[in-house]
Protein chains: 2
Amino acid sequence: MAKRRKVGNMLGLAVLATVYAKPMHPYEMASFLRERGKDRDMRIKWGSLYTVVGNLEKHGFLARAETVRDGGHPERTVYRITDAGREELKDWLRELIAVPEREQPKFEAALSVCGVLGPDEVTSLLRQRLAALDTEIAEEREALTRYTREVPRLFLIEAEYDLAIREAEAAWTRSFLDELTTGSFPDLMTWRNWYETGQTPPEIAELAERGGGTTS
Amino acid sequence: MAKRRKVGNMLGLAVLATVYAKPMHPYEMASFLRERGKDRDMRIKWGSLYTVVGNLEKHGFLARAETVRDGGHPERTVYRITDAGREELKDWLRELIAVPEREQPKFEAALSVCGVLGPDEVTSLLRQRLAALDTEIAEEREALTRYTREVPRLFLIEAEYDLAIREAEAAWTRSFLDELTTGSFPDLMTWRNWYETGQTPPEIAELAERGGGTTS
DNA sequence: GGGTTAATACTCGTCTACGAGTACCCGTAC
DNA sequence: GTACGGGTACTCGTAGACGAGTATTAACCC
């Protein structure tokens with residue numbers, strides 16, 4: 001695993017990438033990102049923005065370019081990227097792209113303990129999830145084809161990727177649901193029984209006894 | 001969006017699910033989770049465990065069952081789940097399953113700014129990523145078929161899901177790489193030029209001017 | 001031209017996550 | 001019998017993330 005970053009917040013990446021082109025003050029960065037729709041990928045947290053910019057400066061990735069007072073607004077500090085900053089941005093990007101990392105997957109965590117709900121309820125919840133996914137996918141796809149006409153694809157890669165992953169999620173959910181509804185899921189009976197009676201079935205108790213061994 | 005949880009850390013979910021079956025003290029929960037290999041899905045942070053358990057207690061989801069001193073170890077506080085805790089667990093699970101949520105996707109963030117690296121470097125990085133993904137997939141698949149023989153599938157759903165998603169990631173990467181290497185990616189020239197000369201090409205500058213509009 | 005709203009550009013304090021450290025006990029090996 | 005390596009069970013300090021608040025100006029309306 002790579003050395004830990006001086007600034008770990010993803011907002012830092014966005015900031016570096018934004019300032020890469022031209023010096024800006026924090027608020028301008030935010031507006032820029034918002035306009036570009038990057039706040040879809042990554043919601044901008046106001047509190048974090050200033051902290052992150054401050055940290056980037058502290059570690060020498062950004063430098064104060066000037067402090068202007070125009071119009072009469074409160075002072076704005078304009079930052080420019082440093083050579084170290086450019087290096088950090090590239091290095092960080094290289095790592096992010098080359099090394100696939102398991103992100104904290106909430107849904108997976110939920111699946112791993114979904115036994116505490118009964119199979120019927122899980123089925124209906126999954127149906128809701130699937131419906132939501134399908135809607136989002138349709139919207140995204142529509143937006144994507146719309147933009148493809150006006151924006152170079154280079155700027156849409158992440159949307160394409162996102163769409164592909166969503167579709168995979170939906171496909172998996174659909175096939176799992178199918179197993180649950182047709183009853184071809186093998187442990188359905190055990191599960192239902194366990195849920196309804198609250199009794200831990202013997203084969204599971206036994207597994208719990210044995211424990212361990214799963215770490216190879 | 002759902003009401004924010006009193007305890008938001010995913011470790012809380014794991015704790016609730018663990019204590020659901022039988023009262024335990026924190027360290028025991030951790031060992032239990034570790035044995036079950038849940039620490040693969042969700043790395044256990046020692047500092048967080050006690051904080052999270054404390055918070056769960058504060059909000060009435062856990063209660064102190066007893067404080068035992070056995071052997072002479074420092075005192076261990078055994079916690080049991082309360083009715084409110086059981087409710088919270090179920091409610092939380094329902095939300096996690098029914099509502100698909102965009103998690104902070106680092107790779108996507110990286111893709112969205114990958115223009116600052118040249119196309120050739122991105123290609124080679126993606127190749128590394130793909131290789132890593134393929135290895136992981138092979139391992140996971142092997143592990144999955146191995147366990148399928150000894151553990152009910154009910155306990156392997158999250159692994160199956162994970163595998164499916166990984167495969168989709170790999171497939172997408174492969175197809176994108178393909179476009180890059182065969183040169184069928186439309187903006188390749190622009191990109192390379194931009195990177196090598198550092199010049200913002202006119203069509204992009206124009207886009208930057210127009211800005212906005214992407215928020216519908 | 002006074003008042004209301006919206007946008008700009010931050011600041012501050014809270015709350016949480018986490019990692020490194022601590023203290024204690026047990027087995028065992030010499 | 002005592003030195004020490006390792007497991008157990010936890011504590012605490014710090015850094016970071018974040019949301020809500022604030023102050024100033026521009027814009028608009030009657």
Which whole-number value in Å describes the distance from [X] [atom1] to [N] [atom2]?
{"X": "E28(B)", "N": "dT8(D)", "atom1": "CD", "atom2": "C1'", "answer": "12 Å"}
{"X": "L56(A)", "N": "dG16(D)", "atom1": "CG", "atom2": "C1'", "answer": "13 Å"}
{"X": "L11(A)", "N": "dA15(D)", "atom1": "CG", "atom2": "P", "answer": "20 Å"}
{"X": "Y50(A)", "N": "dA15(D)", "atom1": "OH", "atom2": "P", "answer": "23 Å"}
{"X": "R76(A)", "N": "dA7(C)", "atom1": "CZ", "atom2": "P", "answer": "18 Å"}
{"X": "K58(B)", "N": "dC15(C)", "atom1": "NZ", "atom2": "C1'", "answer": "9 Å"}
{"X": "F32(B)", "N": "dA9(D)", "atom1": "CZ", "atom2": "P", "answer": "16 Å"}
{"X": "I44(B)", "N": "dG19(C)", "atom1": "CD1", "atom2": "P", "answer": "13 Å"}

Has N9(A) got a side-chain N or O lying under 4.0 Å from the OP1 or OP2 atom of dG16(D)?
-> no
Hey, is the side chain of H25(A) poking within less than 4.0 Å of OP1 or OP2 on dT8(C), counting only N and O atoms?
->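 It does not, given that no N or O in the side chain of H25(A) lies less than 4.0 Å from OP1 or OP2 of dT8(C).
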Calculate, to the nearest 0.5 Å, the distance between atoms CD and CG belonging to E158(A) and L163(A) respectively.
-> 12.0 Å
Would you mind classifying the nucleic acid contact of N55(B) as base, sugar-phosphate or nothing, using non-hydrogen atoms under 4.0 angstrom?
->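 Contact class for N55(B): none.
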Let's see if you can work this out: which of [options] has an atom nearest to the side-chain heavy atoms of [X]?
{"X": "W46(A)", "options": "dT11(D), dA20(D), dA17(C)", "answer": "dA20(D)"}
{"X": "P26(B)", "options": "dG19(C), dT11(C), dC10(D)", "answer": "dC10(D)"}
{"X": "S48(B)", "options": "dG19(D), dC18(C), dA9(C)", "answer": "dC18(C)"}

Is it possible for you to check whether R86(B) lies under 6.0 Å from the centre of the six-membered ring of F61(B), through NZ or CZ, and within 45° of that ring's axis?
->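 Because its charged atom misses either the 6.0 Å distance or the 45° angle limit, R86(B) does not stack over F61(B).
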Output field: ring centroids F176(B)/W172(B) closer than 6.0 Å |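 So the answer is yes for these two rings.
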Check whether the ring centres of W46(A) and Y27(A) lie less than 6.0 Å apart, and answer yes or no.
-> yes
Mapping Y27(B) and T51(B) onto DNA chain D by nearest heavy atom, which one lands closer to the 5' end?
->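 Mapping each residue to its closest nucleotide by heavy atoms, the 5'-most match is Y27(B).
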Side-chain contact test, heavy atoms from C-beta onward, threshold under 4.5 Å: evaluate it for R166(B) versus L133(B) and give yes or no.
->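 Touching, per the 4.5 Å side-chain cut-off.
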